[in-house]
Asks: 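Pasting a structure below so you can have a look.
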Amino acid sequence: MPEEAAPAVARTTRALALTGLAAVLLASAVLRLHHLDTESVWLDEAFSIATSRTSLANIVAENSQDVHPPLHYFLLHYWGLIAGTTTWAGRALSVVCSLGTIAAAYLAGARLRSRATGLVAAILLAISVFQIEFAQEARMYALLVLLSTLSIYFFIRLLDESSPRVFAGYAIATTLMVYTQAYAAFVLAAQAMSLAWEAWRRRERTIPAATRWIVALIVVLAAFLPWLAIFTWQFSAVQRGFWIAEPEWAGIFAPLFAYAGSKAGLALLAPLAVIGGICMATPRARDRTSTMRAPLVVVLPWLLAPIVLPFLLSRIGSPIFLSKYTIAASVPFAILVADGIVAVRWTVVRVVLVTGIIALAVPPLQTYYSTSRKDNWRAAVPAIEQQAQPDDLILFYPYFHRIPFDYYRQRDDLVERAFPLFTPPPPPDGWDRTIARAAGQHRRIWLVTLQGDPTRAAVVAEFERRFAERSHQKLQHIEVWLFEANRRVARNP
């Protein structure tokens with residue numbers, strides 16, 4: 001190719017890639033907005049939206065008692081001033097973050113390997129049911145994966161550039177990331193692992209890049225200082241006991257199944273990811289001038305750290321491992337698969353592979369859109385309010401079910417109270433005193449629980465022994481009993 005023609009070809013390639021990315025983003029928006037408001041909010045979403053409607057001071061107070069930093073709630077607060085405070089609006093913020101993730105993944109893939117790799121990675125993320133699920137939830141996970149991808153993107157550039165703009169980009173993205181979710185620590189661990197790996201191989205070459213990263217990290221830590229004491233308390237509280245069950249050893253592969261969407265999908269994607277990893281382990285000509293000669297030095301820790309580290313911590317300490325928390329690792333997985341596809345020499349085969357992946361994504365998407373997964377508080381609350389009489393008592397077990405109930409509540413003439421037992425029964429004061437305090441002088445008592453809660457059986461049984469059961473309703477994961485106190489039954493001795 002003549003030397004003077006190279007810039008024109010590069011411009012054409014760039015224009016085609018950006019056009020393709022725009023088409024991917026448009027399709028992604030359609031998939032993420034489809035049925036956005038079909039399902040009711042569940043507990044965590046209700047907490048997020050309700051908390052964001054309050055003052056910034058109250059958001060800080062609420063989050064200091066929770067396990068998550070406050071950034072998502074702050075953004076949701078100001079987003080609500082623009083887009084409104086409806087369920088659709090609350091989830092739309094996550095849609096925007098998810099679209100940003102696709103664009104950021106394209107940039108990271110292009111930086112690490114090529115525009116083709118970045119574009120194919122964007123396609124994989126666009127059709128991922130895992131990504132779509134959290135793009136349609138008013139929680140911080142879509143924001144976490146966006147900011148973690150931006151942090152890695154600027155980390156890659158920071159290793160080779162001393163530009164103040166890149167330094168600022170990394171410091172801002174990473175600071176926002178650590179204020180979003182605790183798993184941000186594992187993304188930082190991945191970056192440290194990348195630098196340590198390369199320093200072990202080429203110490204002198206790595207020193208300037210490591211220095212820039214350490215200085216940037218000091219800026220991030222300084223920005224995080226206002227929340228550090230609270231984070232330390234939250235971490236110690238989680239170590240004393242958390243609600244997540246200890247994972248089985250086979251559970252370490254659960255995130256990969258979630259990213260792939262199905263066993264058949266993983267059977268196709270996993271070999272392609274291995275091929276992509278092999279390709280990334282081999283330096284190319286342009287990588288020889290980079291601090292990280294082989295892109296795998298960045299991508300592999302980025303994939304493994306958010307999965308393996310919390311998994312191991314969950315095996316030796318308080319469990320903190322859930323697939324949704326590892327969402328940051330879904331982007332390097334897509335980049336590895338994309339590079340495996342791009343490595344195939346024949347265009348027809350590449351097209352067939354992408355088509356096959358899209359075809360395998362269709363059944364999980366159909367199941368996702370057609371299955372009711374969330375607790376249907378939108379239907380349960382009106383059902384109770386239509387049948388309730390003034391001064392009826394609504395009793396919640398456990399206490400936090402009051403949050404989604406109040407999200408949809410319309411009537412203000414009903415009394416709400418939490419049933420205190422949330423530990424293995426019996427209660428310390430005995431059933432009689434505990435139930436008497438909870439029920440008070442109310443004649444009609446609505447007991448609201450979730451079907452999946454195994455601890456509710458003992459509570460329900462004790463109420464059935466003391467009061468007359470008037471109705472029992474099951475409303476998509478939610479169970480509601482109406483008891484009356486006018487006809488007593490046998491008490492405990």
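When reading the values below, keep in mind they use all heavy atoms of this one structure, side chains included, and skip hydrogens, waters and symmetry mates. By convention here, the first residue in the shown sequence is residue 1.
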Asks: Less than 4.5 Å apart, any side-chain heavy atom of Leu36 and any of Val95?
Replies: yes
Asks: Please output the side-chain donor-acceptor pairs of residues 254-274 that fall under 3.5 Å, not counting sequence neighbours, one pair per line with the distance.
Replies:
unit_1: Tyr259; atom_1: OH; unit_2: Thr326; atom_2: O; d: 2.8
unit_1: Tyr259; atom_1: OH; unit_2: Thr326; atom_2: OG1; d: 2.7
unit_1: Ser262; atom_1: OG; unit_2: Gly265; atom_2: N; d: 3.0

Asks: How about CH2 on Trp88, more than 12 heavy atoms from neighbouring residues, nucleotides or ligands closer than 6.0 Å, or not?
Replies: no
Asks: Could you list the residues that satisfy salt bridge (Lys or Arg N to Asp or Glu O under 4.0 Å) with Arg139, not counting sequence neighbours?
Replies: Asp44
Asks: Under the side-chain hydrogen bond (donor to acceptor under 3.5 Å, both in side chains) test against Lys374, which residue among His477, Glu39, Glu45 passes?
Replies: Glu45
Asks: Any sub-3.5 Å donor-acceptor pair from Thr149's side-chain atoms to Thr101's backbone N or O?
Replies: no
Asks: So Ile327 and Ser330, do their side chains get closer than 4.5 Å, heavy atoms only?
Replies: yes
Asks: Calculate, to the nearest 0.5 Å, the distance between atoms OG1 and CD1 belonging to Thr174 and Ile152 respectively.
Replies: 8.5 Å
Asks: Find out whether Met193 and Trp302 are in side-chain contact, i.e. whether some heavy atom of one side chain is under 4.5 Å from a heavy atom of the other.
Replies: no
Asks: Give the minimum heavy-atom separation between Arg212 and Phe167, together with the two atoms involved.
Replies: O-CE1, 3.8 Å
Asks: Within the distance-only criterion (no hydrogens, no angle test), does the side chain of His77 pair as donor or acceptor with the backbone N or O of Thr54 below 3.5 angstrom?
Replies: yes
Asks: Kindly say whether Ala190 contributes a backbone atom to a donor-acceptor pair with the side chain of Ser194 at under 3.5 angstrom?
Replies: yes
Asks: To the nearest 0.5 angstrom, please state how far the CG atom of Leu336 sits from the CG atom of Leu300.
Replies: 7.5 Å
Asks: Rounded at 0.5 Å granularity, tell me how far CD1 in Ile123 sits from OH in Tyr106.
Replies: 11.5 Å
Asks: Between Glu133 and Lys324, does any side-chain N to carboxylate O distance fall below 4.0 Å?
Replies: no
Asks: Which residues pass the salt bridge (Lys or Arg N to Asp or Glu O under 4.0 Å) test with Arg315, sequence neighbours left out?
Replies: Glu246
Asks: Using distance only, find each side-chain donor-acceptor pair of residues 17-35 under 3.5 Å and give its atom names and separation, not counting sequence neighbours.
Replies:
unit_1: Thr19; atom_1: OG1; unit_2: Ala15; atom_2: O; d: 2.8
unit_1: Ser28; atom_1: OG; unit_2: Val24; atom_2: O; d: 2.7
unit_1: Arg32; atom_1: NE; unit_2: Ser98; atom_2: OG; d: 2.7
unit_1: Arg32; atom_1: NH1; unit_2: Ser28; atom_2: O; d: 3.4
unit_1: Arg32; atom_1: NH1; unit_2: Ala126; atom_2: O; d: 2.9
unit_1: Arg32; atom_1: NH2; unit_2: Leu125; atom_2: O; d: 2.9
unit_1: His35; atom_1: ND1; unit_2: Thr38; atom_2: OG1; d: 2.7

Asks: Please tabulate, for the side chains in residues 59-67, all donor-acceptor contacts under 3.5 angstrom to protein atoms that are two or more places apart in sequence or on a different chain.
Replies:
unit_1: Asn63; atom_1: ND2; unit_2: Ile59; atom_2: O; d: 2.9
unit_1: Ser64; atom_1: OG; unit_2: Val60; atom_2: O; d: 3.4
unit_1: Ser64; atom_1: OG; unit_2: Ala61; atom_2: O; d: 2.6

Asks: Report yes if some heavy atom in the side chain of Met280 is under 4.5 Å from a heavy atom in the side chain of Val297; otherwise report no.
Replies: no
Asks: For a side chain to side chain donor-acceptor pair (under 3.5 Å) check, start with the C-alpha distance between Tyr407 and Ser40, then their side-chain angles and the critical distance, and finish with the verdict.
Replies: CA-CA 10 Å; Tyr407 183 88; Ser40 164; over 6 Å; no
Asks: If I take atom SG from residue Cys97 and atom CD1 from residue Ile102, how far apart are they, to the nearest 0.5 angstrom?
Replies: 12.0 Å
Asks: Could you tell me whether the side chain of Phe311 reaches within less than 4.5 Å of the side chain of Phe253, counting heavy atoms only?
Replies: no
Asks: So Val96 and Leu146, do their side chains get closer than 4.5 Å, heavy atoms only?
Replies: no
Asks: Run Thr347 and Arg350 through side chain to side chain donor-acceptor pair (under 3.5 Å) and show every step you take.
Replies: CA-CA 5 Å; Thr347 303; Arg350 291 199 295 266; 3.1 Å; yes
Asks: Give the intermediate values and the outcome of side-chain contact (heavy atoms from CB on, under 4.5 Å) for residues Leu71 and Leu147.
Replies: CA-CA 11 Å; Leu71 178 64; Leu147 293 172; 4.0 Å; yes
Asks: For Leu296 versus Trp197, what's the shortest heavy-atom pair and its separation?
Replies: O-CZ3, 4.0 Å
Asks: Taking Ser128 for its side chain and Leu124 for its backbone only, find out whether a donor-acceptor pair lies under 3.5 Å.
Replies: no
Asks: Decide side-chain contact (heavy atoms from CB on, under 4.5 Å) for Val480 and Leu447; before the verdict, give the C-alpha distance in whole Å, the side-chain angles of both, and the deciding distance to 0.1 Å.
Replies: CA-CA 6 Å; Val480 180; Leu447 180 63; over 6 Å; no
Asks: Of all heavy-atom pairs between Leu158 and Trp213, which one has the smallest distance, and what is that distance?
Replies: CD2-CA, 3.8 Å
Asks: Give the minimum heavy-atom separation between Pro319 and Pro247, together with the two atoms involved.
Replies: CB-CD, 4.4 Å
Asks: Going through the checks in order, is the side-chain contact (heavy atoms from CB on, under 4.5 Å) test met by Ser314 and Ile244?
Replies: CA-CA 9 Å; Ser314 296; Ile244 298 175; over 6 Å; no
Asks: Judged by atom type as modelled, is there a donor-acceptor pair below 3.5 Å linking the side chain of Ser94 to the main-chain atoms of Ala142?
Replies: no
Asks: Does Tyr369 have more than 12 heavy atoms from other residues, nucleotides or ligands lying within 6.0 Å of its OH?
Replies: yes
Asks: Which residue in the set Phe396, Trp377, Trp42 passes ring pair (Phe, Tyr, Trp, His ring centres under 6.0 Å) when paired with His401?
Replies: Trp377
Asks: Among residues two or more places apart or on two chains, list those pairs meeting salt bridge (Lys or Arg N to Asp or Glu O under 4.0 Å) that have a residue in residues 337-346.
Replies: Arg113-Asp339
Asks: Indicate the atoms forming the closest heavy-atom contact of Ala328 with Ser148, along with that distance.
Replies: CB-OG, 3.4 Å
Asks: Tell me, do Tyr408 and Ile384 make a side-chain contact under 4.5 Å, heavy atoms counted?
Replies: no
Asks: Between Gln181 (side chain only) and Tyr183 (backbone N and O only), is there a donor and an acceptor less than 3.5 Å apart?
Replies: yes
Asks: Can the ring centres of Tyr325 and Phe321 be said to be less than 6.0 Å apart?
Replies: no
Asks: Classify the angle between the aromatic ring planes of Tyr397 and Phe419 as parallel (below 30°), tilted (30 to 60°) or perpendicular (above 60°).
Replies: perpendicular
Asks: Return the CZ to CG distance between Arg91 and Asp37, rounded to the nearest 0.5 Å.
Replies: 6.0 Å
Asks: Taking side chain as C-beta onward, heavy atoms only, is Met140 less than 4.5 Å from Leu75?
Replies: no
Asks: Enter the distance from Tyr170:OH to Thr175:OG1 here, rounded to the nearest 0.5 Å.
Replies: 9.0 Å
Asks: Measure across Ser323 and Phe130 and return the closest heavy-atom pair with its distance rounded to 0.1 Å.
Replies: O-CZ, 3.7 Å
Asks: Take Val354 and Ile341 through the test side-chain contact (heavy atoms from CB on, under 4.5 Å) and record every step on the way to the result.
Replies: CA-CA 8 Å; Val354 173; Ile341 294 172; 4.1 Å; yes
